[in-house]
Amino acid sequence: MPATGRNELLAVTDKEYRKLMKTLESVDARTAVAAGPEDGISIKDTVAHRAHWLDLFLGWYRDGAQGKPVQTPAPGYKWNQLKDYNAKVRQASRDQTWTQVLALLEQRHEALTRLLDGLDEAELYEPHRYDWTNDWTLGRWAEASGASHYRSANTFIRKLLRSLPNDG
């Protein structure tokens, strides 16, 4: 059930981020880049993807607040093209180290939290307040880009960790 207020949104965002980070504590650089057995997506790919989508959300908000056009999900892409877009995101993060990807996720999470902390109930949950959010509120977009993405990443990473060979 999506959050319906600012404090609830901040709480669920923090909770899901902490759960993800707890899972990632045990992941070393070698494990982070191991390709998943089904689709080849690694833990590092997954974390880089989540950091990227946080940055997209922050950019959508910033552009909208500055009166600029907001292009979701990204310039030149439609929502039905996410598979191709996400492959491009993975490719773009290929040269980043595990440490860099973790730091990026932390930075983007902090930026999201600062933004949410600085907005009031109406800014987050007034329907149709922003043209680009369509039928969702800004808070719902923030939750989809933050807490929900953290939750799905944690589920995927835990499953991937169980599927990787144990060298110990």
Side-chain angles (χ1 to χ4, degrees), residues 1-21 24 36 39-96 100-157 160:
M1 188 101 196
T4 57
R6 181 179 167 278
N7 290 338
E8 186 181 357
L9 175 60
L10 283 164
V12 73
T13 300
D14 181 60
K15 174 185 165 189
E16 296 300 336
Y17 179 74
R18 282 186 288 112
K19 285 168 70 174
L20 174 59
M21 295 311 290
L24 294 177
D39 54 14
I41 295 174
S42 70
I43 294 170
K44 185 185 111 178
D45 292 335
T46 303
V47 171
H49 172 268
R50 288 346 189 246
H52 178 82
W53 277 84
L54 284 169
D55 196 45
L56 282 176
F57 170 76
L58 294 166
W60 299 330
Y61 176 78
R62 181 187 58 246
D63 288 348
Q66 295 173 354
K68 296 178 183 175
V70 176
Q71 298 178 347
T72 59
Y77 288 88
K78 295 180 185 284
W79 288 105
N80 64 356
Q81 298 172 307
L82 287 182
K83 186 175 182 175
D84 292 338
Y85 182 73
N86 288 332
K88 178 183 159 193
V89 169
R90 281 192 302 279
Q91 183 63 35
S93 67
R94 184 166 301 236
D95 292 334
Q96 293 175 315
Q100 289 170 321
V101 167
L102 285 173
L104 199 55
L105 180 67
E106 181 180 3
Q107 292 164 6
R108 303 276 165 73
H109 171 74
E110 288 171 1
L112 174 65
T113 301
R114 278 192 309 274
L115 173 65
L116 299 178
D117 200 41
L119 298 173
D120 63 29
E121 288 293 322
E123 291 169 310
L124 286 167
Y125 287 101
E126 181 181 297
H128 305 286
R129 184 175 182 113
Y130 308 94
D131 291 338
W132 66 270
T133 60
N134 302 315
D135 290 335
W136 277 14
T137 63
L138 182 66
R140 184 67 187 97
W141 279 83
E143 187 170 352
S145 300
S148 294
H149 252 172
Y150 299 153
R151 187 180 309 113
S152 64
N154 195 34
T155 300
F156 177 82
I157 291 166
L160 182 56

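Note that the numbering runs from 1 along the sequence shown for the chain.
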Query raised in the report: Looking at residues at least two apart in the chain, or sitting in another chain, which of them share a ring-ring contact (aromatic ring centres under 6.0 Å, His included) with His109?
Result: Tyr17, Tyr150

Query raised in the report: Which pair of non-hydrogen atoms, one from Lys78 and one from Pro73, has the smallest distance, and what is that distance?
Result: C-CD, 3.8 Å

Report summary line: Residue pairs passing the side-chain hydrogen bond (donor to acceptor under 3.5 Å, both in side chains) test with at least one member in residues 114-134, sequence neighbours excluded, are Arg6-Asp117, Glu126-Arg129

Report task. Compare all side-chain heavy atoms of Tyr61 with those of Leu119 and state whether any distance is below 4.5 angstrom. Result -> yes

**Report entry** Closest contact, heavy atoms only, Pro2 versus Glu8
**Finding:** O-OE2, 4.2 Å

Query raised in the report: Shortest non-hydrogen contact from Lys44 to Arg94?
Result: NZ-O, 3.1 Å

Report summary line: The reported gap from CG in Leu104 to OG in Ser93 (rounded to nearest 0.5 angstrom) is 9.5 Å

Query raised in the report: Taking only residues two or more places apart in sequence, or in another chain, which ones meet Ala142 in a side chain to side chain contact (heavy atoms under 4.5 Å, CB included)?
Result: Leu9, Phe57, Leu112, Leu116

Query - Rounded distance [0.5 Å steps], CH2 in Trp60 versus OG1 in Thr72 - result: 6.0 Å

Query raised in the report: Which value, rounded to the nearest 0.5 Å, describes the distance between Leu10 atom CG and Glu143 atom CD?
Result: 11.0 Å

Report task. Over all heavy atoms of both residues, which pair between Thr46 and Ala153 is shortest? Give the atoms and the distance, please. Result -> CG2-CB, 3.9 Å

Query raised in the report: Is the number of heavy atoms from other residues, nucleotides or ligands under 6.0 Å of Asn80 CG greater than 12?
Result: yes

**Report entry** Close side-chain approach of Ile157 to Leu20, heavy-atom, < 4.5 Å
**Finding:** yes

Report task. Step by step, work out the side chain to side chain contact (heavy atoms under 4.5 Å, CB included) result for Asp135 and Arg140. Result -> CA-CA 10 Å; Asp135 290 335; Arg140 184 67 187 97; over 6 Å; no

Requested in this report: Quick one: closest heavy-atom pair of Tyr85 and His52, and the distance?
Outcome: OH-NE2, 2.5 Å

Query raised in the report: To the nearest 0.5 Å, what is the distance between NE2 (His149) and OG1 (Thr13)?
Result: 13.0 Å

Query - Neighbour count >12 (heavy atoms, 6.0 Å) for atom CG, Asp39 - result: yes

Requested in this report: Give the minimum heavy-atom separation between Ser152 and Arg50, together with the two atoms involved.
Outcome: OG-NH2, 2.8 Å

**Report entry** Pairwise distance CG(Leu105) to CG(Asp55) - rounded to 0.5 angstrom
**Finding:** 11.5 Å

Requested in this report: Enter the distance from Asn154:CG to Leu24:CG here, rounded to the nearest 0.5 Å.
Outcome: 7.5 Å

Query raised in the report: Does His49 reach the side chain of Asn86, with side-chain heavy atoms less than 4.5 Å apart?
Result: yes

Query raised in the report: Is Asp14 close to Thr113 at the side-chain level, that is, under 4.5 Å between some pair of heavy atoms?
Result: no

Query - Basic-acidic side-chain contact under 4.0 Å: Asp84, Lys88 - result: no

